[in-house]
Participant: 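Take this structure, written in structure tokens, and hold onto it; I'll ask about it next.
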Amino acid sequence: MTPGIRPLVAGNWKMNGTGESLTELRAIAAGLSSDLGRKLDAVICVPATLLSRAIETLEGGAVVLGGQDCHQKVSGAHTGEISAPMLKEAGANHVILGHSERRTDQFETNELIRSKAEAAWAAGLVAIVCVGETADERKAERTLEVIGAQLAASLPEGVSAENTIVAYEPVWAIGTGMTPTVQDVRAAHAFMREKLAERFGANGTHLRLLYGGSVKPSNSAELLGVADVDGALVGGASLKAADFLAICETYRNL
Ligand SMILES: O=C(CO)COP(=O)(O)O
């Protein structure tokens, strides 16, 4: 945690979730409507197809919604794409950008992610920008170099705590059950904080830095307790309300 920064736990449902899954979303919202909701912010990034139904289900409350990607343009001939204003209209507050699954599968570059962040801001969305090294890069001891380069090139000028969140997700830790050591997470987050403060001044100092990659109820206390870790970006464990809420519960004791 960083003193003065309110923690945030975000769920990334990825390509999971149909109408039936709204039951889990309702359960997450109900769990956070207690005093637990006063300890943290929660965002669930559902598939875009669920956004409008999800917003009706939630009727305000302690959980806000996000998308998982947006196009860099507002509209046009881009079959299959979704723009930031469309996400906003459908009920999103946030949007994940530059997730490693998109960097890898869709060959997204830092420059593209940067233009998507600008599009997200223009639509009034908070950009959750993801960075992280692959297993090979880690083996070659290039972790900090890689995340430094990703941060430098994928964040536009004008970053602030109101428009941007950074998520450190080591690629090899996503969906594998493997996590970096506490020391490695601390080093990565301290490095990101330093780089962000260097470039954005006080705005960089106040940015929320999330850790993502195999966060579960069994390891959340260890990972969320690390200095400069201001929350989590949770994949698999965000699909079940009980697991997501158990991760949120960590903040009762931190
Ligand atoms: O990619 C992730 C969140 O964006 C992490 O996924 P898992 O929590 O399933 O490892």
Side-chain angles (χ1 to χ4, degrees), residues 7-17 21 24-25 28 40-48 50-51 63-70 87 92-106 108 113 116-117 120 125-135 137-138 143 146-147 150-151 154 164-182 184-185 188-189 192 207-224 226 229-251:
L8 178 134
V9 180
N12 176 8
W13 280 14
K14 307 192 180 184
M15 198 173 71
N16 298 292
S21 324
E24 296 299 322
L25 194 63
I28 290 172
L40 69 148
D41 290 332
V43 181
I44 302 289
C45 299
V46 296
L50 278 184
L51 277 171
V63 175
V64 301
L65 297 171
Q68 300 174 10
D69 176 47
C70 69
L87 288 178
N93 274 279
H94 293 64
V95 61
I96 297 171
L97 296 175
H99 191 282
S100 66
E101 287 151 14
R102 294 199 62 85
R103 287 180 185 264
T104 308
D105 301 350
Q106 310 297 329
E108 289 199 356
I113 293 157
K116 289 185 175 199
L125 295 170
V126 179
I128 304 177
V129 177
C130 303
V131 298
E133 82 287 359
T134 63
E137 288 162 345
R138 186 173 194 82
T143 298
V146 167
I147 60 181
Q150 289 176 335
L151 278 183
S154 47
T164 305
I165 294 165
V166 169
Y168 169 55
E169 298 205 308
V171 179
W172 54 272
I174 294 176
T176 59
M178 293 191 287
T179 52
T181 62
V182 162
D184 285 349
V185 175
H189 279 244
M192 293 195 298
L207 226 56
R208 290 203 266 214
L209 307 183
L210 311 183
Y211 168 80
S214 295
V215 178
K216 300 186 280 256
S218 58
N219 62 19
S220 57
E222 187 176 84
L223 291 164
L224 298 181
V226 174
V229 173
D230 308 312
L233 181 53
V234 185
S238 70
L239 294 168
K240 289 271 163 262
D243 288 344
F244 187 79
L245 288 169
I247 292 167
C248 295
E249 286 283 344
T250 311
Y251 281 107

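Indexing begins at 1, ligand by ligand and atom by atom, following the structure's order. Positions are given from 1 along the sequence.
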Participant: Closest heavy-atom contact between Ala173 and Ser214?
Facilitator: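 Where Ala173 meets Ser214 most closely, the heavy atoms are O-OG, 2.6 Å.
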Participant: Just going by heavy-atom distances, which of Cys130, Cys45, Gly235 is nearest to atom 5 (C) of ligand 1?
Facilitator: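 It is Gly235 that holds the nearest heavy atom.
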Participant: Check each atom of ligand 1 against the heavy atoms of Lys14 and keep those under 4.0 Å away; list them by number with element.
Facilitator: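 Matching atoms, with element in brackets: 1 (O), 2 (C), 5 (C), 6 (O).
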Participant: Which of the atoms of ligand 1 are close to Gly213, meaning less than 4.0 Å from one of its heavy atoms?
Facilitator: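 What qualifies from ligand 1 is 5 (C), 10 (O).
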Participant: Below 4.0 Å, non-hydrogen atoms only: which portion of Asn12 touches ligand 1? Side chain, backbone, both or neither.
Facilitator: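 Looking at Asn12 and ligand 1, just side chain atoms fall under 4.0 Å.
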Participant: Would you mind running through ligand 1 and noting each atom that sits below 4.0 Å from a heavy atom of Gly236?
Facilitator: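 That gives atoms 7 (P), 8 (O), 9 (O) of ligand 1.
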Participant: Under 4.0 Å from any heavy atom of Glu169, which atoms of ligand 1 are there?
Facilitator: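 With Glu169 as reference, the close atoms of ligand 1 come out as 1 (O), 2 (C), 3 (C), 4 (O), 5 (C).
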Participant: Between Ser21 and Glu24, is there a side-chain donor-acceptor contact under 3.5 Å, judged purely by atom types and distance?
Facilitator: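 There is no such pair between these side chains.
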Participant: I'd like to know if Gly175 contacts ligand 1, where contact means a heavy-atom distance under 4.0 Å to any ligand atom.
Facilitator: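 Yes.
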Participant: Do any N or O atoms from the side chain of Tyr168 and from the backbone of Pro170 form a donor-acceptor pair under 3.5 angstrom?
Facilitator: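 No, Tyr168 side chain to Pro170 backbone: no donor-acceptor pair under 3.5 Å.
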Participant: List ligand 1 atoms under 4.0 Å from His99, heavy atoms only on the residue side.
Facilitator: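 Counting from 1, the qualifying ligand atoms are 1 (O), 2 (C), 3 (C), 4 (O).
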Participant: Which ligand 1 atoms does Leu233 reach within 4.0 Å, using its non-hydrogen atoms?
Facilitator: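 Close to Leu233: 3 (C), 4 (O).
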Participant: Between Glu108 and Arg103, does any NZ, NE, NH1 or NH2 come within less than 4.0 Å of an OD or OE carboxylate oxygen?
Facilitator: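 So Arg103 does not pair with Glu108 through a salt bridge.
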